[in-house]
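It should be emphasised that the depicted structure is a prediction, and the values quoted were computed from it without experimental measurement. We name chains A, B, ... by the order of the sequence lines, and we start the count at 1 in each one.
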Amino acid sequence: MTDRTVRKERARKITFQQACTIALDEAMAADDTVFLLGEDVADREGGGTFKVTSGLSTKYGTDRVRSTPISEQAIVGTAVGAAVAGMRPVAEIMLMNFITLGLDQLVNHAAKLRFMSGGRTGVPLTVRTATGAGGGTGGQHSDMLEAWLAHVPGLKVVVPSSPAEAKGLLLSSVLDDDPCVVVEHTQLYWTKGEAPEPGLRIPLGKANIARQGSDVSVITYGRPVGQVLELAEKLAGEGIDVEVVDLRTISPLDERTVLESVAKTRRAVIVHEAVGQFGVGAEVSARISEELHGQLAAPVVRVTSANAPVPFSKPLEDKYLYQISDVESAIRKSMA
Amino acid sequence: MPETTPSAGAPAEHPLVRIYRTAALIHRVDERMRGMLTSGELAAAYYSPRGQEVLAATLAHSGVTSDDYLVTTYRGIHDQIAKGMPLDELIAEIFGKATGSCKGKGGPMHVTHPDSGVMVTTGIVGSGMPIAVGLATSSSIRKDGRVTVVCFGDGASNIGAFHESLNLASLWKLPVIFVCQNNLYAESTAYANGTTAEHIADRAAGYGMPGVTVNGNDPEAALDAFTEALDRARAGEGPTLVEAVTYRFMGHYFGDPGTYMDRAQYEAALAADPVPALRALLRERGLADEEQLSAMEQEIAGQVEHAIAFASDSPYPGADELRLDIYREQVPA
Ligand SMILES: Cc1ncc(C[n+]2csc(CCOP(=O)(O)OP(=O)(O)O)c2C)c(N)n1
Ligand SMILES: [Mg+2]
């Protein structure tokens with residue numbers, strides 16, 4: 001390789017956080033109905049807590065990148081109203097736990113106005129929010145609440161697993177005609193990955209076979225995807241061929257891809273960071289048993305974080321989180 | 001709506017006559033709705049606007065056009081009619097019929113009709129205000145000249161959304177009018193038992209916007225207040241909070257015995273019932289005579305019967321509607 005190509009290769013690596021910025025930039029350039037709002041999102045306020053909107057108010061003006069007061073109901077409600085008027089607002093809710101203050105607007109309005117108006121109005125908004133355990137932020141700044149939202153028909157819930165995924169899924173969400181919530185993992189923001197081609201979108205509602213395999217399907221999304229892919233490579237050395245299904249979109253769930261994968265491997269392990277009780281894993285597991293009960297070679301297993309609030313103490317937080325070692329045992333158990 | 005907008009060439013009606021025509025239409029629809037609920041011809045969650053007709057009609061004739069946006073509440077049929085919604089579609093929606101403005105999927109608490117500017121009707125107290133801020137934000141970014149009017153009750157001024165919305169609308173100088181229809185009760189809580197401000201309009205001061213209290217049942221006073229707020233909004237000078245004081249004669253919900261209501265206050269309000277009061281004013285001022293008023297009311301009654309017949313003859317929505325309008329793309333079976 002010449003120096004030049006090395007540099008080019010290096011330049012093509014971007015962080016998850018940069019990927020989100022690029023998606024917003026591309027969306028704003030492509031469609032002038034796209035505008036951003038949220039706490040501190042404009043450059044005067046620092047370009048967002050995680051700097052995802054950094055530079056955009058300078059490039060597009062403060063009419064289209066609007067810092068707001070600390071008013072989650074008003075932020076989400078403003079996005080709803082502007083979306084009903086035909087704009088494509090992108091609201092940043094600094095952390096997912098704060099989405100609870102905007103849930104009326106998401107659950108009672110964004111999700112339902114298309115249906116309740118008989119299709120006369122749509123709500124093409126996007127809420128971006130960050131969360132995740134592992135950073136020592138404790139019980140009110142770390143929760144993965146995607147199952148709450150996925151329980152509401154009318155919302156689309158997206159959890160990207162890598163920079164390229166974040167870029168493509170966020171761009172699709174912003175340009176989608178329905179309300180989307182995109183969950184960005186705080187612990188992934190500074191991880192790097194391949195930069196996708198400009199303009200590339202990843203369709204919503206479609207899962208991705210992140211690794212093909214024939215022995216067992218691991219169904220996951222978000223941060224665990226990368227960890228499960230590494231585990232799969234390790235197990236491949238032992239002759240266990242793991243298929244990794246990255247759901248990408250939690251709702252609407254790509255049931256077909258999940259069922260096709262499990263019909264092939266006859267074994268399913270579901271992994272997510274959110275607590276297990278009443279979660280995405282329960283839903284996926286139920287669908288697998290409803291459709292494939294007689295064909296399974298082993299019971300469906302879930303590996304999730306503990307059914308507890310996220311603790312502060314680092315060693316305890318580590319124990320709270322889903323364990324990749326548990327995923328490995330679950331795979332071995334289902335192979336046994 | 002066609003019958004309240006003078007057609008080109010026709011002599012312009014006096015504003016009070018136009019207001020009365022709209023108020024009389026609201027009054028007639030409400031009377032028939034309550035009648036049908038009593039007889040069992042209609043089953044619906046229904047929150048009567050009886051007593052608030054003139055307020056809604058005045059607002060609609062203050063210079064608001066069908067391009068302007070309206071956000072209202074479960075107690076919103078007066079606002080929807082005044083905004084010019086086609087009666088057939090409105091009443092069919094309340095009947096839950098496929099020909100309703102929302103195919104029967106919204107119902108009386110969730111009426112939408114963008115063609116006449118009825119953008120959102122919410123059953124969640126106070127939630128219309130942040131949405132109105134969003135509609136007005138859109139107008140502000142696009143510079144489309146639209147004004148957003150959001151109607152809500154006195155009780156709604158105690159919810160957080162009210163305060164967040166007024167602050168944000170004022171901060172961004174948005175073209176929005178917050179119209180508090182203060183009917184003195186929030187369900188069974190009397191104004192003073194739930195609200196610390198002497199006047200809801202006083203709260204505007206905390207958000208750096210003008211706040212005015214008017215008698216919402218006095219069309220001339222209310223017209224001035226609404227017109228001024230509308231002019232301000234159109235001139236880019238930002239939002240106004242208009243508290244229009246009124247009264248609801250039928251209690252909170254249909255069938256509310258109203259035992260919590262102050263009897264003397266009720267009697268006094270009834271004696272000043274705004275619909276007959278405006279009718280008397282038109283005659284007194286020589287703006288309409290008895291013959292003209294009866295003819296107008298008869299025409300309205302006919303129009304209402306036509307819409308009711310349309311609604312009751314219409315089919316209910318089919319089961320396939322459960323898979324439609326959840327997302328833009330149809331959910332697979
Ligand atoms: C958030 C919320 N809380 C409670 C209710 C139940 N509720 C419906 S109407 C109402 C009273 C509202 O009073 P007000 O705002 O004065 O409006 P009005 O009914 O008098 O027009 C209440 C408490 C609701 N729909 N939404
Ligand atoms: Mg009230």
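- Contact of Ala132(B) with chain A is not made at all, since no heavy-atom distance falls under 4.5 Å.
- For Lys264(A), the NZ atom counts as densely surrounded, since its 6.0 Å shell holds more than 12 non-hydrogen atoms of other residues, nucleotides or ligands.
- Heavy-atom distances place no part of Asp144(B) under 4.5 Å from chain A, backbone and side chain included.
- The most heavy-atom pairs under 4.5 Å with chain B, out of Ala111(A), Pro69(A), Ala79(A), Gly154(A), come from Gly154(A).
- By the neighbour-count criterion of 12 heavy atoms within 6.0 Å, atom CZ of Arg234(B) is densely surrounded, having more than that number from other residues, nucleotides or ligands.
- Contact between Gln73(A) and Ala161(B) at its shortest, heavy atoms only, is OE1-CB, 3.2 Å.
- You'll find the side chain of Tyr69(B) stays beyond 4.5 Å of the side chain of Val84(A), heavy atoms only.
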Checklist entry - Yes or no on side chain to side chain contact (heavy atoms under 4.5 Å, CB included) for Leu113(A) and Thr112(B), after CA distance, side-chain angles and deciding distance? => result CA-CA 9 Å; Leu113(A) 288 177; Thr112(B) 299; 5.5 Å; no
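- Considering all non-hydrogen atoms of both residues, Gly81(A) and Leu135(B) come closest at O-CD2, 3.2 Å.
- No part of Lys112(A) comes within reach of chain B, as not one of its non-hydrogen atoms sits under 4.5 angstrom from that chain.
- A distance of 9.5 Å separates CG in Leu204(A) from CD in Glu329(B), rounded to the nearest 0.5 Å.
- With hydrogens and angles left out, the side-chain atoms of Ser117(A) and His110(B) include no donor and acceptor closer than 3.5 Å.
- Classification of Arg142(B) and Asp63(A) as a salt-bridged pair fails, no side-chain N sitting under 4.0 Å from a carboxylate O.
- No more than 12 heavy atoms of other residues, nucleotides or ligands sit less than 6.0 Å from atom OH of Tyr316(B).
- Here the straight-line distance linking atom CZ of Phe115(A) with atom CG of Leu324(B) works out to 8.5 Å at 0.5 Å rounding.
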Next on the checklist: Applying side chain to side chain contact (heavy atoms under 4.5 Å, CB included) to Arg114(A) and Ile326(B), what does each step give before you reach the verdict?
Outcome noted: CA-CA 6 Å; Arg114(A) 179 184 292 283; Ile326(B) 293 174; over 6 Å; no
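- At distances below 3.5 Å, not a single donor-acceptor pair connects side-chain atoms of Tyr327(B) with backbone N or O atoms of Pro153(A).
- Counting only heavy atoms from C-beta outward, the side chains of Leu168(B) and Ser71(A) never approach each other to under 4.5 Å.
- Contact of Leu171(B) with chain A is made through the side chain alone, with heavy-atom distances under 4.5 Å.
- For the side-chain contact (heavy atoms from CB on, under 4.5 Å) with Val133(B), the qualifying choice from Ile75(A), Val80(A), Thr78(A) is Thr78(A), the only one to do so.
- Contact between Ala74(A) and Pro130(B) at its shortest, heavy atoms only, is CA-CB, 4.0 Å.
- In plain terms, the two heavy atoms of Trp172(B) and Leu37(A) that are nearest each other are CH2-CD1, 4.4 Å.
- The main-chain N or O of Cys102(B) is never found under 3.5 Å from a side-chain atom of Arg120(A) such that the two would form a donor-acceptor pair.
- Minimum heavy-atom separation, Lys103(B) to Gly118(A): CE-O, 3.1 Å.
- The residue among Val76(A), Asp104(A), Thr68(A) with the most heavy atom pairs within less than 4.5 Å of chain B is Asp104(A).
- Between the Asp178(A) side chain and the Arg328(B) main chain, a donor and an acceptor come within less than 3.5 Å of each other.
- Among Asn167(B), Asp325(B), Val120(B), the residue with the largest count of heavy-atom pairs under 4.5 Å with chain A is Asp325(B).
- Smallest separation of non-hydrogen atoms from Ile141(B) and Met87(A): CG2-CE, 3.8 Å.
- Enclosure of atom CD in Glu237(B) by more than 12 non-hydrogen atoms of other residues, nucleotides or ligands within 6.0 angstrom is indicated.
- Looking at Ile124(B), only its side chain comes within 4.5 Å of chain A, counting heavy atoms on both sides.
- Two residues are said to be in side-chain contact when any heavy atoms from C-beta on lie closer than 4.5 Å; Ser127(B) and Asn108(A) fail this criterion.
- Enclosure of atom CG in Leu200(A) by more than 12 non-hydrogen atoms of other residues, nucleotides or ligands within 6.0 angstrom is indicated.
- Proximity to chain B is limited to the backbone of Leu155(A), based on heavy atoms less than 4.5 angstrom apart.
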